[in-house]
Amino acid sequence: KDPTDDDHHRYQSSDEEDFQEAIDKAVTLPKPTIQWRAASTPSPKICSTLIVGTAFGGSSLLESVEAKILLGTLDAASVDLKDDKVDKDAALKTGCNIYELEADPTVIFIACNYEIKDQDSLNFAKTIMNSIQASRIIILDTFSPAKYISGSSDIDYNYPWLRLLQTAGSTTVTKIPLLEVPNLVQNLGAALMAYCEVRGLSETYLLLSLQEHVYGQVLTTAATLRGLKEGLASLGCPIVANQVDVSRAAVSIQDKRVGLNRTKDNRMYA
């Protein structure tokens with residue numbers, strides 16, 4: 001038996017009945033919307049690869065790509081992206097920005113520059129997946145060692161430390177270990193994986209890079225970001241991995257004024 005047959009169930013709401021119940025509950029929550037810059041953008045927009053970066057590591061890494069074209073913004077209803085006179089700076093720093101790669105327009109990526117909580121994640125996942133149709137989906141996320149169950153009490157973390165989840169039928173990736181039972185993921189990454197699993201979408205991967213946990217703080221470090229960069233290459237996206245800038249992403253995390261984000265001892269707090 002293929003060991004991955006059971007592994008892909010290790011995220012929340014993967015059971016179809018639970019997922020439908022979650023959908024029913026989500027209908028009363030505010031719905032995110034996508035504002036495309038081009039009014040003629042087809043729906044759904046077709047692409048070969050969709051990469052979603054969650055706050056703050058994944059989003060900062062994707063924002064560090066310079067050769068990108070802004071296609072639109074998710075849940076930025078107060079800003080009209082089609083109006084060149086509008087100051088978009090605030091929205092671009094805090095919204096979920098949708099880009100295409102200049103070198104390959106069939107690669108689309110979304111940088112979610114704020115944390116999407118569990119109660120909102122399903123609506124965001126539905127909006128993304130209903131608006132963009134991709135042959136391959138990669139979610140870039142981070143996880144805390146405080147919540148990570150390794151099965152060993154004396155584990156020695158060697159950064160970057162990567163783990164992977166994939167939907168049933170996805171091509172096996174041997175270079176990245178699978179996330180061990182009974183670990184769970186949450187928020188937008190979990191919602192996207194559940195959505196794709198229930199709908200039978202293969203070639204969907206959740207890439208997790210370990211943060212540091214020091215004196216009660218969860219830290220996103222340069223090593224965490226390097227892990228996401230290396231993971232992208234291992235997942236067959238060298239064209240994106242070669243264009244992300246870890247140093248620039250690290251500075252972006254340092255400069256964010258969200259919650260308790262701050263710089264101390266040359267570490268990036270998230």
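Predicted, not measured: the structure shown is a model, and the values here were computed from it.
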Looking at every non-hydrogen atom in both residues, tell me the closest pair between [X] and [Y] and how far apart they are.
X: S209; Y: G227; answer: OG-CA, 3.8 Å
X: L162; Y: P177; answer: O-CD, 3.8 Å
X: E115; Y: A55; answer: N-CB, 3.7 Å
X: D245; Y: S247; answer: OD1-N, 3.1 Å
X: A233; Y: A241; answer: N-CB, 3.9 Å
X: S60; Y: A249; answer: O-CB, 3.5 Å

Is any side-chain heavy atom of [X] closer than 4.5 Å to a side-chain heavy atom of [Y]?
X: L228; Y: L207; value: yes
X: Q243; Y: K229; value: no
X: I138; Y: L50; value: no
X: L235; Y: L164; value: yes
X: S135; Y: T49; value: no
X: I149; Y: P182; value: yes
X: C96; Y: Y114; value: yes

Side-chain heavy atoms nearer than 4.5 Å, only ILVMFWY residues, links allowed to pass through others: does that put [X] and [Y] together?
X: L61; Y: L70; answer: yes
X: L74; Y: I46; answer: no
X: I69; Y: I51; answer: no
X: L225; Y: I239; answer: yes

Just verifying a value: how many Å separate [X] [atom1] and [Y] [atom2], rounded to the nearest 0.5 Å?
X: W36; Y: S131; atom1: CH2; atom2: OG; result: 6.5 Å
X: C237; Y: Y205; atom1: SG; atom2: OH; result: 10.0 Å
X: N113; Y: N97; atom1: CG; atom2: CG; result: 5.5 Å
X: S170; Y: L165; atom1: OG; atom2: CG; result: 10.5 Å
X: L192; Y: M129; atom1: CG; atom2: CE; result: 7.0 Å
X: L140; Y: C112; atom1: CG; atom2: SG; result: 10.5 Å

Report task. Show the numbers, then the answer: is there a side chain to side chain contact (heavy atoms under 4.5 Å, CB included) between I176 and E230? Result -> CA-CA 10 Å; I176 307 174; E230 293 177 7; over 6 Å; no
Report task. Check N130, T204, T167 against Y195 for a side chain to side chain donor-acceptor pair (under 3.5 Å) and give me the one that passes. Result -> N130
Please check this pair: side chain of [X] against backbone of [Y], looking for a donor-acceptor N/O pair closer than 3.5 Å.
X: T41; Y: R37; value: no
X: T224; Y: L210; value: yes
X: S121; Y: L188; value: yes
X: N187; Y: G189; value: no
X: K68; Y: V65; value: yes

Report task. With side-chain hydrogen bond (donor to acceptor under 3.5 Å, both in side chains) as the test, would you mind laying out the steps for E180 and Y148 before giving the verdict? Result -> CA-CA 9 Å; E180 301 89 341; Y148 173 55; 2.9 Å; yes
Requested in this report: Please list all pairs passing the salt bridge (Lys or Arg N to Asp or Glu O under 4.0 Å) test where one or both residues lie in residues 131-142, with sequence neighbours left out.
Outcome: none
Report task. Please report the C-alpha distance between E203 and T171 in whole Å, then the side-chain angles of each, then the deciding distance to 0.1 Å, and finally whether the side chain to side chain contact (heavy atoms under 4.5 Å, CB included) criterion is met. Result -> CA-CA 6 Å; E203 304 306 310; T171 303; 3.0 Å; yes
Report task. Using the side-chain contact (heavy atoms from CB on, under 4.5 Å) rule, pick out the option among L122, I116, D118 that qualifies with D120. Result -> I116
**Report entry** R248/E66 salt bridge by N-O under 4.0 Å criterion
**Finding:** yes
Report task. Mind checking side chain to side chain contact (heavy atoms under 4.5 Å, CB included) for T106 and listing every partner two or more places apart, or none if nothing turns up? Result -> S48, D104
Query raised in the report: Stepwise, does the side chain to side chain contact (heavy atoms under 4.5 Å, CB included) test hold for I98 with I34?
Result: CA-CA 9 Å; I98 307 170; I34 288 182; 3.9 Å; yes
Query raised in the report: Should T220 and Q211 be marked as a side-chain hydrogen bond (donor to acceptor under 3.5 Å, both in side chains) after you check the CA-CA gap, both sets of side-chain angles, and the distance that decides it?
Result: CA-CA 5 Å; T220 297; Q211 298 169 302; 2.7 Å; yes
Query - Sequence-distant partners of F109, ring pair (Phe, Tyr, Trp, His ring centres under 6.0 Å), two or more places apart - result: Y99
Report task. Check the pair V185, M193 against side chain to side chain contact (heavy atoms under 4.5 Å, CB included), reporting the backbone distance first and the verdict last. Result -> CA-CA 10 Å; V185 295; M193 289 296 288; 5.7 Å; no
